[in-house]
Amino acid sequence: MEPNRLMMRDCKINRILCILEQTYPEAHCELNFRNPFELLVATILSAQTTDQKVNKVTAVLFERCPTPKKMLEITPREFEEIIRPIGLFRTKAKNILQTCELLIEEHHGDVPSNLDDLVKMPGVGRKTAGVVLANAYGIPALPVDTHVLRVANRLGLSREKDPSKVEKELTALIPMELWIDTHHRLIFHGRRLCHARKPECPVCPLKDCCPVFTSAS
DNA sequence: ATCCCGAGGG
DNA sequence: CCCTCTGGAT
C-alpha cells in the first residue's frame, strides 16, 4: 500500500499527459466530415458503433443530403435504409431528423457552437456535444465516453463512474489547451491497449503510473 | 455470446 | 443505477 502511494505521487498527471503525447502524437477524430453539420450527424450516428462503419454510411448520406433541409426532403423510411447497416437505425433516424428540424427552426440551419443548445438536440448528449464543439469549432472540451471513463478510472485519475462527474474531475486536472488532444489520446489508448476485458498491461507505456499494473505485480 | 468512441427513460 | 434500442464483427 505504501509503494502504491509513492508510485502515484511520482507519476502525477503531467507524467501521464507526457507519455500519452509521446505514445499517441497523432490521435485525432476519425469521423469523416466537411463542416459542423456533417460532424454533428456523424457523431450522433457513432453511438455503439465504430467510426469506420459510420464513415461508410455517411459517404452515401452526405452525398445525397448535405444539409438539414435536404435531409428532410427524403422520406424517413429512405433515411433509415441508408443508415441501417450501423444498427440502432430507427432511434438514430428519428433523432437526426428531429435535430434537422430544430436546426432549421431555431438556428437558421446552422449547428450551434455552445453546449447548452447542442444538448437540446434529440440524440445529443454531453459526449456528442463535446465532440462537435472540439472538432468542428476548436472549443476546448473533454467529452467522456466509455473508453475515457475506463482508462481514467484505471489510471486513478477519477473514481467516479458517472461520465459527467469524470469529465468535471478531468477538466479540473488537465490544462484546457490539452483537453481535445487528451480526449483523443485516451480513446486511442483504450482501443489499442487498455481494453475493457483484457488490458495489455505488460506492454503499456503507462504501466509504471497505473495502479492496475503496479498493484497486480 | 458479447462487445462496440451513447442517449433517453424508468 | 438499470434497461432498451440495433446490426455487425469476432
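From a predicted model like this one, the values you see are computed outputs, not experimental measurements. Numbered from 1 within each chain, the chains take letters A, B, ... in sequence-line order. The figures here come from the full heavy-atom set of this structure, side chains too, leaving out hydrogens, waters and symmetry mates.
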Step by step, would you call A:Glu30 with A:Arg191 a salt bridge (Lys or Arg N to Asp or Glu O under 4.0 Å)? CA-CA 13 Å; A:Glu30 296 191 325; A:Arg191 281 202 332 219; 3.1 Å; yes
C:dT4 to B:dT2 separation - P atoms, rounded to the nearest Å: 15 Å
Look at A:Arg90 together with A:Glu80 and state whether they make a salt bridge at an N to O cut-off of under 4.0 Å. no
Using atom NZ of A:Lys56 as one end and atom P of C:dG7 as the other, report the distance to the nearest whole Å. 17 Å
Return yes when atom CD of A:Glu73 has more than 12 non-hydrogen atoms of other residues, nucleotides or ligands closer than 6.0 Å, and no otherwise. yes
For A:Leu31 and for A:Gly123, find the nucleotide of DNA chain B with the closest heavy atom, then tell me which residue's nucleotide is more 5'. A:Leu31
Has A:Lys207 got more than 12 heavy atoms of other residues, nucleotides or ligands less than 6.0 Å from its NZ? yes
What nucleic acid atoms does A:Thr128 come within less than 4.0 Å of, heavy atoms only: base, sugar-phosphate, or nothing? sugar-phosphate
Would one find a side-chain N or O of A:Gln48 under 4.0 angstrom from OP1 or OP2 of B:dG6? yes
Pairwise P distance, B:dG9 and C:dT6 [rounded to whole Å]: 14 Å
Verify the neighbour count for atom CD of A:Glu26: are there more than 12 heavy atoms of other residues, nucleotides or ligands below 6.0 Å? no
A:Lys53 NZ to B:dC4 C1', straight-line distance once rounded to whole Å: 7 Å
Under 4.0 Å, counting only non-hydrogen atoms across every strand here, what does A:Asn95 touch: a base, just sugar-phosphate, or nothing? nothing
Between B:dC4 and C:dC5, how many Å separate the two C1' atoms, rounded to a whole number? 14 Å
Rounded to whole Å, NZ of A:Lys161 lies from P of C:dC1 at a distance of 7 Å
Nearest-angstrom distance from the residue atom CD of A:Glu30 to C1' of B:dC5: 10 Å
Among B:dC5, C:dC5, B:dC4, which nucleotide has an atom closest to any side-chain atom of A:Arg150? B:dC4
When rounded to whole Å, the CG to C1' distance for the pair A:Leu118 and B:dA7 reads 15 Å
For A:Gln52 and C:dG7, what is the distance between atoms CD and P respectively, to the nearest whole Å? 21 Å
Rounded to whole Å, the CD1-P distance (A:Ile180 to B:dC5) equals 21 Å
Any A:Thr146 side-chain nitrogen or oxygen under 4.0 Å from OP1 or OP2 of B:dC4: no
side-chain hydrogen bond (donor to acceptor under 3.5 Å, both in side chains) for A:Tyr24 and A:His184? Distances and angles first, verdict last. CA-CA 9 Å; A:Tyr24 309 105; A:His184 292 125; over 6 Å; no
Would you indicate what A:Pro122 reaches in the nucleic acid, counting non-hydrogen atoms under 4.0 angstrom: base, sugar-phosphate, or nothing? sugar-phosphate
Measure from CZ on A:Phe89 to P on C:dT4 and round the result to the nearest Å. 18 Å
Is there a side-chain contact between A:Arg90 and the phosphate of C:dT6, meaning an N or O under 4.0 Å from OP1 or OP2? yes
Mind checking A:Val148 for me? I need base, sugar-phosphate or nothing, with any heavy atom below 4.0 Å counting as a touch. nothing
Does a nitrogen or oxygen in the side chain of A:Thr91 sit under 4.0 Å from OP1 or OP2 of C:dT6? yes
